[in-house]
Structure formats: structure tokens, C-alpha cells
Number of protein chains: 2
Amino acid sequence: MKAKNTIATRNTRQKDAIRAAFVETDRPLSPEEVLSYAQRSVSDVSIATVYRNLKTLVDDGWLVPVQLPGEPARYELSGKEHHHHFLCKDCRKVYELEGCVPTMKPKLPRGFRAVSHDLLLHGICAACIPRHA
Amino acid sequence: MKAKNTIATRNTRQKDAIRAAFVETDRPLSPEEVLSYAQRSVSDVSIATVYRNLKTLVDDGWLVPVQLPGEPARYELSGKEHHHHFLCKDCRKVYELEGCVPTMKPKLPRGFRAVSHDLLLHGICAACIPRHA
DNA sequence: CTGCGTGCAAATGCTTTGCAAAGAC
DNA sequence: GTCTTTGCAAAGCATTTGCACGCAG
């Protein structure tokens, strides 16, 4: 129940650094990853502030939470088209994937109604494959 | 590092009740759901025992964890074929789905190697649809 | 009997929150 | 100056673990 931007919102170094993390990285980030990035420019960001800003930015519609099975929540810039994610088993980084051919249709029991779906691919990302050779 | 069943394992009322929950329900269950079921037959099961037995049964290969985005872990009987799950937005129950046509192939970035995938359908289950009419 | 499994309560680990002080405007 | 945002530390929650006792074998 938060109005768009009719209510005063202040710009702080911390909030700027947090937003910058997403703009510069363009990859779903976990709170800890956001903290690391933000601390590069603003050394004294606290994890509590990261969590608070993530929540605020989600409420504002600037971020969307990315929930993955068995993983801490990640967040990504909102407004993107329908897409899914890739989780590297090695470095635990999450990447966005383009395209989703919803041709897979597991049989739904009678009377069930599906509204949406989540797909996650697991594997090794380009950066980690060399380490696996 | 637990051997199959060469090492002594004792049968207790609690463990029996926990195993029964899965056999009788045939649906992925959360620790809390397991506790509720188990307490029907053994009134004094503690949640700690549920967690301990879930871990043991997974180590023994009798259960497999079912991780879903943003949800507490569920567990289901092992040995089933590759399948995916359905989460009811209403009652939060998880159901197993048969069949998976892996025809959906989001574009992988160059150099990425996918090993497996997870698919979750969201919707309303047959039991909850009437309440939505 | 022996010692594994259990209940309880304390300990985690991650996320949220209260409060006084710092900072934006 | 006013009122939001921050940092710190304490509070919450779900899950795990230490310990002494109870029960299976």
C-alpha cells in the first residue's frame, strides 16, 4: 500500500550504490552480492540497509524478486519480458535467459488450472567451464 | 557418508509415523505437514525429530528433497521418474505431475552448458477451484 | 544392558525491526 | 529545521544441534 512516488523519497549514497549494482551488473543479485557491489563505492553500507532498499525498490516496482529452488532470493530489474534463469552449479551466479518455448506440458490432473510456470536451468556457466576441464 | 542399511537403525513409533505420512499421502510434504500427519498417530512427535528423520531418510535414499522457488523444502518418496511439480497458490499444497516434454529450450548464452532443469507450475488445484468460483 | 533416537532448549543463519543519530532537502 | 534513511544491535523464524533420558534390539 505504497503510493508510486507522491511521497517523499530521498537519494542517499547507499541507495544509489545499490541501484548501480543492478544497472551495471544486469544479472539477478542476491542481497550479499548487492552488499559487495555497493561497498565498492560506499564502504560503509550495512546489510540491513541492503535488505531495506531491496524491499523498497520492489515496492516501487523497480525490482522484482527472483526466487529459485533452494536458493536465497535474488532480485533483478523489472520490466523485462517473460524469461527464465540459469544457475551455475559452480559459482552460484544466476543469469537471465532469453526465450521460452512453453511447449512442455506436463499432464495436469483433472480439475487443476495452471496460471504460470517457472523454469530453471542448472549447469556450468562460460566463466566456470575452463575450471572444469 | 552413511552406509545403506548395514548400520544399525532402530524403528521407533516416531519414525514409523513419519514414513507413513509419505506412503499414505503420496504428495511432497513440508516438515510442518509431516509433523501434523505424524502427530495423528504419535501425539508427542517433536519438530526436531521430524527434521532429523527427514535428513536421515534422505541420506538413506528413501526420500528426495523437493526445492521450490520461495517455498520451504518439501520431501517426496524417491525412485520416481523424472517429473515436475504443481504448487497451488491457494492451499500451498504441492502435487507431482507426470510427463515432461523437454521441448522448451530457452536460448543459452555461448559457452554455457546446461545439465538439468526444474519446472514448476503455479495455479489452483481441483480442491481449491470451487472456493474460487 | 548398550547405545541409538527422542524431546527440550539453546544455538544457528538469514532476514527484519526498534531506536537514536546522521543526512537529504 | 524536519523528516527520511542509516547503522547497530536485538528480535524473529525456520532449521540444526547439545545433552540427558528413554526405549529398541
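Here is how names work: the chains are called A, B, and so on, in the same order as the sequence lines, proteins then strands, and each is numbered from 1.
Scanning for salt bridge (charged side-chain N to carboxylate O under 4.0 Å, His left out) contacts around Arg27(A) gives Glu33(A), with sequence neighbours left out. When the ring pair (Phe, Tyr, Trp, His ring centres under 6.0 Å) test is applied to Tyr75(A), no partner is found at least two apart in sequence or on another chain. Residues satisfying the side chain to side chain contact (heavy atoms under 4.5 Å, CB included) test with Val64(A), not counting sequence neighbours, are Glu76(A), Ser78(A). Judged as a ring pair (Phe, Tyr, Trp, His ring centres under 6.0 Å), and not counting sequence neighbours, His122(A) has no contacts.
Distance Asp44(B) CG to dT6(C) P: 11 Å, rounded to the nearest Å. Look at CD on Gln39(B): it is 14 Å from C1' on dT6(C), rounded to the nearest Å. Between Ile47(A) atom CD1 and dC14(C) atom P there is a gap of 10 Å when expressed in whole angstrom units. Atom CD of Glu71(A) and atom C1' of dC14(C) are 14 Å apart (whole Å). Protein atom CG of Asp59(A) is 16 Å distant from nucleotide atom P of dT4(D), rounded to whole Å. The CG-C1' distance, from Asp16(A) to dT6(D), rounds to 14 Å in whole Å. Distance, Asn53(B) CG to dC4(C) P: 15 Å, rounded to whole Å. Glu32(A) has its CD atom 11 Å from the C1' atom of dG13(C), to the nearest Å.
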Seminar exercise, completed: With B for base contact, S for sugar-phosphate-only contact and - for none (protein heavy atoms under 4.0 Å), nucleotides 18-25 of chain D reads B-----BS
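Residue Gln14(A) places no side-chain N or O under 4.0 Å from the OP1 or OP2 atom of dG23(C).
Of the candidates dT6(D), dG7(D), dT17(C), dT6(D) carries the atom nearest the Lys15(A) side chain, counting heavy atoms from C-beta on.
Map Val42(A) and Pro72(B) each onto its nearest nucleotide of DNA chain D; the residue landing nearer the 5' end is Val42(A).
Sparse packing is recorded around CZ of Arg113(B), with 12 or fewer heavy atoms of other residues, nucleotides or ligands lying under 6.0 Å away.
Closest approach of Ala114(B) to Phe86(A), counting heavy atoms only: CA-CE1, 4.1 Å.
Side-chain heavy-atom separations under 4.5 angstrom define the hydrophobic clusters, and the remaining members of the one that includes Leu120(A) are Val66(A), Leu68(A), Leu87(A), Val94(A).
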